[in-house]
S.K.: 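Structure provided below as structure tokens; questions to follow.
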Amino acid sequence: MKASEEEYRLNFFIKNDFKRKICKSCKTPFWTRDEKKEYCSDIPCTDYYFFDINIKSKPLTVKEAREKFLSFFEKRGHTRIPPKPVLARWREDLYLTIASIVDFQPHVTSGLVPPPANPLVVSQPSIRLEDIDNVGITFGRHLTTFEMAAHHAFNYPDHYVYWKDETTAYATEFFTKELGIPEEELNFKESWWEGGGNAGPCLEVTVGGLELATLVFMQYKITDNGNYTPLKLKIVDTGYGVERIAWVTQKTPSAFHAIYGNLVYKFFNKIGVAYIDETLLKVASRFAGKIDPDNPDTIKIHRQMVSKELGIDIKAVEEELDRAAKVFQILDHTKTIMLMLADGLVPSNSGEGYLGRLVIRRALKVLRLLKSDVRLYELVKEQIDFWKEDFPQVLKNKDYILDAVELEQQRFEKILEKVPSIASTLARKSEITTEDLIQVYDSNGIPPDLLEEELKKKSVKFELPRNFYALVAKRHQTSTIKSAYDKVKLPKDMLEYITALQPTEKLYYKDQYMRSFEGKVLGVYKNYLILDKTTFYPEGGGQLGDTGLIIDEKSSKRYEVIDTQKVNDVIVHILKEEPSTIKVGDNVRGEINWERRYRLMRHHTVTHVILAAAKKVLGEHVWQAGAEKTPEKGRLDITHHKTLTEEEVKLIENYANSVISDRRQVKPLEMNRMEAEMKYGVSIYEGGVPNSATIRLLEIKDWDIESCGGTHVSNTSEIGAVKIINVERIQDGVIRLEYVGGPALVDYIRETEAKIVEASKIIGSSPDQLTSRLRRLLNEIEEKNNLIIQYRRIIETELLNNLKPYEINGNKIYIIEGLGDEEENKEILRKLTSTDNTIAISISDNRLQIATSKNMRIDKIVEELLKGGGKGGGKGTFANVILNSKKSKEEIIEIVRKSL
């Protein structure tokens, strides 16, 4: 969609003598006060010429640029709010925070909840990976991590704040008065913006070839079918580049020098590559606007321009700038890695963890291409020291960040051992496609750049996609949102029946200890029953739905409730049988299975206790990845980068039991979601993101608070105690904890005691002497095993000395009969086939073990043996075969003769 010219013809422009011009190069309209200007002052229409503009502002660091922006808008009535994490955990469709407006999508932008302030100003660290392959090549135009300073205004139908004219006036004042950019150098380029399901016209603010800000006027929602519908709100969504503001005032050789200062020189030194001449860099930056990374020819043209300008050999220019670009990539990527991990990302093979691992592995790949032996964590540590005042969370989580990075490097180095074998497999293909390379990366984590050298050795040609990492990131940067209907266990016809029914009153929230109630029947469909109110809790948040009884008050007939489900706000009781005596309008009585419910309540509350304990022991990166509460036990899946030690498990258990013994109050709270986020942070969404203006929080006093719709005990002491009964790594980056509390703990102790008694009886011991008896048994077994090994050696020596081979066409065939020890058989077969042209076969009834020397093909022998019927196979030099019928030694020798 493209907006009409009137959308951009602002009173501010007319009153302040701005002229609308058409760029001579890109044909895009733009507004300027310089009547002679012919170009929009954006790349590639012009070079970077901001180096030559007389800007009155002193050179600003990133920190100073951020503060100048925030203070400017704060003085003009905007409330400063803190930024959100770079992991967009308040959203279910997006993993990374890619812009400041993401902080308010979808709940504020849709009008569901008010913003935390109106108007407001924020500087939001953001991460975008779609340009990751371009970083460094353009000397700072592309970054994976950047700060988007923004002021936002939310205009409601009954409350106007400000709109286009005021927004443009603010931008003009900030750039000309605060930064001292000459007004004639300021340009507003007409454009259109779309993102996060919203859209609107925008103005790109350009100065000297550099885009410094984008002023978006969000006024449309993009529907699922691609149409544009007007929003109830009209939202001012601006984005000022903090790093670019620093660059335009400092005029450094590249944006990286403006962002990182002396860290640039430190990185060159630590990585172990020579620094680049700054004159060369500055000329390269000036012409960088000509580079279109998607078109390699433009990179060649750029290098030629630099070579000509400085009179330097083109090859020297290419080598120097390529080296600089790689170091700049490491600078950029290590900051991104630091921010991701500091905000809780755990590298893995899925979700946000996949994106974090992708950036880490790209950084490791670049270090490898630079032939550097520096450990990646050493460079990340430098970033932490550099940014610790700007982002306090990086210092707070320093130990985890460095530990996770080093572990990822160790894993990457181990993966690289597979490169030769993966390259050999790929080399068999007639054509290697981008899809093949992506599949190899997804399955094995091997970057295509590092396969290239191996494939060249095999004379295999393939085209290395320049934007490989962007392609991979794009496939993994979003998540599919499941609708309420996707999450319930009800048939489609039942879902359609529910749509006409009113919401159910949730009595379990009024009193979580209520065991019975009376309600009116609103719907009966097959064995599904809907009432106007209920104390039956429906399955959700990992807690199972309640069971119990529904009693027809007219006939006194009792119907068993086997499950409870919810669709939106309608609660469905699933009965064991169709209620023949109940119809719409009847009054019924409900009774929940209280013992079962109370067990679920205890396990649900202790799940919150253990999650907070895990964070305390392991670090703030721990995030709930799943949970289930049953009457028998609780289960919590947490994100963590390595297997838990026994000591860590014990500490988590101890902390949890300490909180239980401390009799802490457990209480639900209802709060406006934006107020809750501002007060407690986005960790309240550990268990999921509710789609409502008001959210229900569960607070365990001085221990934990998070959004939760489940039922809970009112005091931790009701849990009694908790025991972690199982810990396992269920997938990359996810650890599963299973535990029991309350009566389930007693059940577990009884079952464990019974197993101990049974084991004691088996070994002829009493329970209190079980350990010492087991030790004696193990010692005895070890002695017998040593004796068996000695006997094996004797048998082996005797057999090898006396065994005579059959000779077939220069090949030796050994046959062993009747040995029942499979491991001993394998060892003997291995020794017999240590010389060339040897086959050894062990026969035990109709089962055969076959071994060959390395210069022979075992598959031909197996194939010939199976012609008479049977099954089996093998690889390398060893195979197992089971024949349909037993064969004599002579018959087997004859079969082998045929195979040879």
Side-chain angles (χ1 to χ4, degrees), residues 41-43 47-70 72 123-128 131 134-149 174-175 178-181 185 205-213 239-269 275-289 291 321 324-336 338-339 379 382-383 385-391:
S41 291
D42 197 6
I43 52 130
D47 295 326
Y48 285 140
Y49 65 90
F50 65 86
F51 296 107
D52 305 321
I53 296 174
N54 181 21
I55 297 173
K56 295 178 182 177
S57 169
K58 70 163 190 169
L60 299 173
T61 63
V62 168
K63 185 175 184 177
E64 290 168 338
R66 180 197 308 124
E67 183 56 36
K68 184 173 278 289
F69 177 88
L70 293 171
F72 174 84
S123 186
Q124 177 61 56
S126 304
I127 294 176
R128 295 182 188 174
D131 287 324
N134 301 336
V135 172
I137 296 171
T138 55
F139 304 94
R141 187 165 89 242
H142 297 95
L143 303 169
T144 61
T145 182
F146 59 95
E147 280 190 65
M148 182 177 283
F174 177 74
F175 286 121
E178 288 293 311
L179 298 188
I181 295 172
E185 296 291 351
V205 185
T206 63
V207 173
L210 196 62
E211 182 185 333
L212 295 179
Y240 288 63
V242 174
E243 291 85 358
R244 291 189 177 190
I245 291 170
W247 192 17
V248 84
T249 60
Q250 290 185 45
K251 301 179 181 178
T252 50
S254 76
F256 298 98
H257 292 74
I259 299 166
Y260 297 101
N262 288 331
L263 203 58
V264 172
Y265 310 107
K266 191 173 282 190
F267 264 53
F268 271 93
N269 184 50
Y275 185 63
I276 311 301
D277 178 75
E278 293 208 349
T279 303
L280 171 62
L281 278 177
K282 198 154 190 174
V283 172
S285 287
R286 182 183 293 274
F287 295 144
I291 298 174
L321 296 184
K326 285 182 170 61
V327 176
F328 294 155
Q329 287 163 15
I330 299 296
L331 270 164
D332 169 88
H333 294 1
T334 47
K335 182 184 178 185
T336 301
M338 173 193 73
L339 289 174
L379 300 175
E382 294 290 349
Q383 293 278 12
D385 292 340
F386 189 81
W387 295 105
K388 60 189 177 186
E389 292 182 7
D390 298 71
F391 309 111

S.K.: What pair of heavy atoms forms the shortest contact from Ala288 to Tyr48, and how long is it?
M.R.: CB-CE1, 4.0 Å
S.K.: For the pair Ile181 and Leu212, evaluate side-chain contact (heavy atoms from CB on, under 4.5 Å) and give the outcome as yes or no after the intermediate values.
M.R.: CA-CA 12 Å; Ile181 295 172; Leu212 295 179; 4.1 Å; yes
S.K.: What residues form a side-chain hydrogen bond (donor to acceptor under 3.5 Å, both in side chains) with Asp47, not counting sequence neighbours?
M.R.: Lys290
S.K.: Which residues pass the ring pair (Phe, Tyr, Trp, His ring centres under 6.0 Å) test with Phe174, not counting sequence neighbours?
M.R.: Phe69, Phe72, Tyr240
S.K.: Who pairs with Gln124 by side-chain hydrogen bond (donor to acceptor under 3.5 Å, both in side chains), at least two apart in sequence or on another chain?
M.R.: none
S.K.: Could you measure the distance from the CD1 atom of Ile53 to the CD1 atom of Ile55? Nearest 0.5 Å is fine.
M.R.: 5.5 Å
S.K.: Got a sec, which residues hit ring pair (Phe, Tyr, Trp, His ring centres under 6.0 Å) with Phe287, two or more places apart in sequence or on another chain?
M.R.: none
S.K.: Are the side chains of Gln383 and Leu263 in contact, using a 4.5 Å heavy-atom criterion?
M.R.: yes
S.K.: Checking side-chain contact (heavy atoms from CB on, under 4.5 Å) for the pair Thr138/Asp131: CA distance, chi angles, key distance, verdict?
M.R.: CA-CA 11 Å; Thr138 55; Asp131 287 324; over 6 Å; no
S.K.: Who passes ring pair (Phe, Tyr, Trp, His ring centres under 6.0 Å) against Phe256, sequence neighbours left out?
M.R.: Phe328
S.K.: Return the set of residues passing side-chain hydrogen bond (donor to acceptor under 3.5 Å, both in side chains) with Asp52 (not counting sequence neighbours), or none when no residue passes.
M.R.: Arg286
S.K.: Rounded at 0.5 Å granularity, tell me how far OG in Ser126 sits from CG in Leu143.
M.R.: 11.5 Å
S.K.: What pairs with Arg66 under salt bridge (Lys or Arg N to Asp or Glu O under 4.0 Å), at least two apart in sequence or on another chain?
M.R.: Glu147, Asp390
S.K.: Answer yes if the side chains of Thr144 and Thr336 hold a donor-acceptor pair under 3.5 Å, and no otherwise.
M.R.: yes
S.K.: With rounding to the nearest 0.5 angstrom, report the CG to CD distance, Leu280 to Glu278.
M.R.: 10.5 Å
S.K.: Sequence neighbours excluded, which residues qualify as salt bridge (Lys or Arg N to Asp or Glu O under 4.0 Å) partners of Lys266?
M.R.: Glu382
S.K.: Under the rule for salt bridge (Lys or Arg N to Asp or Glu O under 4.0 Å), what residues qualify as partners of Asp277, not counting sequence neighbours?
M.R.: none
S.K.: To the nearest 0.5 angstrom, please state how far the CZ atom of Phe267 sits from the CG atom of Asn262.
M.R.: 12.5 Å
S.K.: Checking side-chain contact (heavy atoms from CB on, under 4.5 Å) for the pair Phe146/Arg128: CA distance, chi angles, key distance, verdict?
M.R.: CA-CA 9 Å; Phe146 59 95; Arg128 295 182 188 174; 3.6 Å; yes
S.K.: Provide the closest heavy-atom pair for Gly239 versus Met148 in the form atom of the first, atom of the second, distance.
M.R.: CA-CG, 3.6 Å
S.K.: Among residues at least two apart in sequence or on other chains, which ones pass salt bridge (Lys or Arg N to Asp or Glu O under 4.0 Å) with Lys68?
M.R.: Glu178
S.K.: What are the two closest heavy atoms between Val242 and Ala65, and how far apart are they?
M.R.: O-CB, 3.9 Å
S.K.: Which pair of non-hydrogen atoms, one from Thr334 and one from Leu331, has the smallest distance, and what is that distance?
M.R.: OG1-O, 3.1 Å
S.K.: Please give me the minimum heavy-atom distance between Ala255 and Gly140, naming the atom from each residue.
M.R.: CB-CA, 3.4 Å
S.K.: Just jot down the side-chain contact (heavy atoms from CB on, under 4.5 Å) partners of Ser285, sequence neighbours excluded, or say none.
M.R.: Phe51, Phe139, Trp247, Ser254
S.K.: A side-chain contact here means heavy atoms from C-beta on lying under 4.5 Å apart; do Glu185 and Phe50 qualify?
M.R.: no
S.K.: Roughly how far, to the nearest 0.5 Å, is the CD1 atom of Ile276 from the CG atom of Leu281?
M.R.: 6.5 Å
S.K.: Considering non-hydrogen atoms only, spot the tightest contact between Ala258 and Val62 and give its length.
M.R.: O-CG2, 4.2 Å
S.K.: Could you check if a side-chain atom of Phe175 sits within less than 4.5 angstrom of a side-chain atom of Val207, using non-hydrogen atoms only?
M.R.: no
S.K.: So how far is it from Arg141 CZ to Ile291 CD1, rounded to the nearest 0.5 Å?
M.R.: 7.0 Å
S.K.: With Tyr275, which residues qualify under ring pair (Phe, Tyr, Trp, His ring centres under 6.0 Å), at least two apart?
M.R.: Tyr265, Phe268
